[in-house]
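Keep in mind that the numbers below use all heavy atoms, side chains included, and drop hydrogens, waters and symmetry copies. Below, read A as the first sequence line, B as the second, and so on, with proteins coming before strands; counting in each chain starts at 1.
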There are 2 protein chains.
Amino acid sequence: MKDLNISLKQLRYYLVAAKHKSLRQAAKELRISQPSLSAQLKLLEDVLGVDLFERTRGGVTLTPLGRKLITETTAAVNAAESIIDAANFATKGPTGTFKLGVSPSLGPYSLPWILPAVRLEFPKVKFFVREEVPSSLVDGLASGNYDLIFSPLPIDDPAITAMPLFREPVFLVVNANHPLARFENIKASQLSGLDILAIEEHHHFFKLVESLCQRFHAHLLRDYEGSSLDAIRQMVYMEMGGAFLPALYIKSEIRDRDELHVLSIEDESIYRVHALAWRNTSPLHDFYRSLGEFFQQEIKKQFKQTVIMM
Amino acid sequence: MKDLNISLKQLRYYLVAAKHKSLRQAAKELRISQPSLSAQLKLLEDVLGVDLFERTRGGVTLTPLGRKLITETTAAVNAAESIIDAANFATKGPTGTFKLGVSPSLGPYSLPWILPAVRLEFPKVKFFVREEVPSSLVDGLASGNYDLIFSPLPIDDPAITAMPLFREPVFLVVNANHPLARFENIKASQLSGLDILAIEEHHHFFKLVESLCQRFHAHLLRDYEGSSLDAIRQMVYMEMGGAFLPALYIKSEIRDRDELHVLSIEDESIYRVHALAWRNTSPLHDFYRSLGEFFQQEIKKQFKQTVIMM
DNA sequence: TCTAATGAAAGGTTTTTCCTATCATAAATA
DNA sequence: TATTTATGATAGGAAAAACCTTTCATTAGA
């Protein structure tokens, strides 16, 4: 067997130093002295027989190899941390702070109604919530920046387990003055040529809207992309066009039905599917699954009329 | 960030102790004294707040939790080792001993013609070869017991990357006295009712033969399962029935075409696909791929007439 | 020029890890 | 039954590793 003459401590030092690009600042975060950090990093480099950093005036830079090994190192450190998690878990039950990533087109309109109940059910569990675009969420989950993500499908990463929770319908929203505003339902054909506003391209929701426009021959206004669903709503107010908006957003943000009008499309089921996802390798698999079930339960309680459970 | 007050050393001690079920013997393998080992394990247990071992007269036993955490611990230690591998790799090129798992119905008839060339191409690389049934190979690969496996597809594990290398035709082999022995090719319909010998059920090759028998309405002799392809061949000698045998086996082991007769089935392409596979997480991805290409190259050189490259 | 920030080096202290020797216990053996 | 052999635990001390403080040389910026 190998000698394995490196320590987790060194690996963590390595990661923190790489993050700060400064040994002094990294040492401060690690609450050790800079020389100690220097020494440990040098030791690590010696054992690996590799230069990880390029020491320059004004900081350190990762060498190409150093950059490459960051991935492996993160994996190793995460794996070790997950042992601690699993052990705590076994003794104290669900405990600890979980890094939860969530899509900006989903989180603000669902989590506020879910998390309070979760707090009651799992009092010792805390969530550190961060919003990001789904593609970044998946990357972040895979690389260990998140423990869990709550995001629309698809999630195409074989290293990630996704647990579909529910379908969220998508509706067409127009200004009350719009010609279509006198209908409750419209036929797909009535969408033809309609001006449609969409969120910025890097959002996941954009792709859905784009495909809808293509399918129904509606006209996607690419010059006025909104930076958030709220921005889209504002633009619909200003009669710049109609918009596809997800049901949870509509339920939570659109109250004055006088100024905005919500339409569904006949005979077409338009929805996105949201899932809770985690790394396959996580030892907390069972807990995550039961957490997903609890999410479902709460969503069902609060949004029975709005979404379709899976 | 977490304190991460455990060390890789402790984790390795834990694994070795779990393997030996005896602290003294584990200490011997680790080349430390037994009290040192005891102390480190106790320390690990204290930090984790968990009992890993049950100390009894006559050895140690893993607690249920200790058994569970073995998985995570192995993962962490492997991850750390892969950092070392990747670093060595970057400086010294392909180096080290790789644990190569191979199917018993493939390895003996292909590796002897491949590995010598590999040794010339990558002189600093050594292979520790072990034969096992493909399902065990996949498990072993996933859990880090192997670095690489050379095995027939399918390999259905999302954590594993499989690189298909070539197709290996499968032929029907009968005794020279058999009525079918006067043909070179036969029609699928001629297989109907034929007695077919197969390898033991837990082998991967059994499933292929079983499905072939079903497809061609041949009669699978389940009472006389062979423990190896050679055993099957012996039984064909003894006129107990025909057998489906893979091309590489036939080429390497069946020389005397007088006593055994090899038949192919007209208009039917019967083959299995062999792949080289490794963990997705391995940092040596690129090397493994080029190794796969080298395998292909050698196989093409030696078995151009026998197999179909991919 | 002066200041502030960088990483490296030297020497000493603290902490951790390990070893030897010893013990108590229990199972196998004579 | 007495003896031997194996188990892990304990105590005390030695060796190694990690760390700290102080100091230095260099460089970028004010």
Would you mind reading off the distance between I6(B) atom CD1 and dT16(C) atom P, rounded to a whole angstrom?
16 Å
Taking only side-chain N and O atoms of R55(A), does any of them lie within less than 4.0 angstrom of OP1 or OP2 on dA8(C)?
yes
Mark yes or no for a side-chain to base donor-acceptor pair under 3.5 Å between Q40(A) and dA18(D), with no hydrogen or angle criteria applied.
no
Separation of atom CG in L41(A) from atom P in dG7(C), rounded to whole Å
10 Å
What's the closest nucleotide to the side chain of P35(B) if the choices are dA8(C), dA21(C), dA18(D)?
dA21(C)
Could you tell me whether the phosphate oxygens of dG8(D), OP1 or OP2, come under 4.0 Å of any side-chain nitrogen or oxygen in R24(B)?
no
So K9(B) and Q40(B), do their side chains get closer than 4.5 Å, heavy atoms only?
no
Taken to the nearest whole Å, CZ/R12(A) to P/dA18(D) is 15 Å
Interatomic distance, L30(B) CG vs dC19(C) C1' [rounded to whole Å]:
15 Å
Round to the nearest Å and state the distance from Q34(B) atom CD to dT22(C) atom P.
15 Å
What is the separation between atom CG on L8(A) and atom C1' on dT16(C), rounded to the nearest whole Å?
16 Å
Take F127(B) and R119(B), measure what side chain to side chain contact (heavy atoms under 4.5 Å, CB included) needs, and give me the verdict at the end.
CA-CA 9 Å; F127(B) 289 96; R119(B) 287 297 299 271; 5.6 Å; no
Check against side chain to side chain donor-acceptor pair (under 3.5 Å), Q34(B) and S38(B)
CA-CA 6 Å; Q34(B) 168 264 316; S38(B) 284; 3.0 Å; yes
Is any side-chain nitrogen or oxygen of S33(A) closer than 4.0 Å to OP1 or OP2 of dC19(D)?
no
Distance below 4.0 Å between S38(A) side-chain N/O and dG7(C) OP1 or OP2
no
Does the pair E45(B)/R55(B) count as a salt bridge with the N-to-O cut at 4.0 Å?
yes
Touch check for F53(B), heavy atoms < 4.0 angstrom, all strands: base, sugar-phosphate only, or nothing?
nothing
Measuring to OP1 and OP2 of dT17(C), would you say a side-chain N or O of S36(B) lies under 4.0 angstrom away?
no
With a 4.0 Å cutoff (strictly under), does any side-chain N or O of K9(B) reach OP1 or OP2 of dC18(C)?
yes
Distance below 4.0 Å between K42(A) side-chain N/O and dA9(C) OP1 or OP2:
yes
Can you find a side chain N or O atom of Q25(B) that sits less than 4.0 Å from OP1 or OP2 on dT7(D)?
yes
Rounded to the nearest Å, what distance is computed from the CG atom of residue N5(A) to the C1' atom of nucleotide dA18(D)?
15 Å
Nearest-nucleotide pick for L23(B), side chain only, options being dG8(D), dT10(D), dC19(C)
dG8(D)
Would you say L100(A) and L111(A) make side-chain contact, with heavy atoms under 4.5 Å?
yes
Whole-Å gap separating P (dT20(C)) and CG (L37(B)):
15 Å
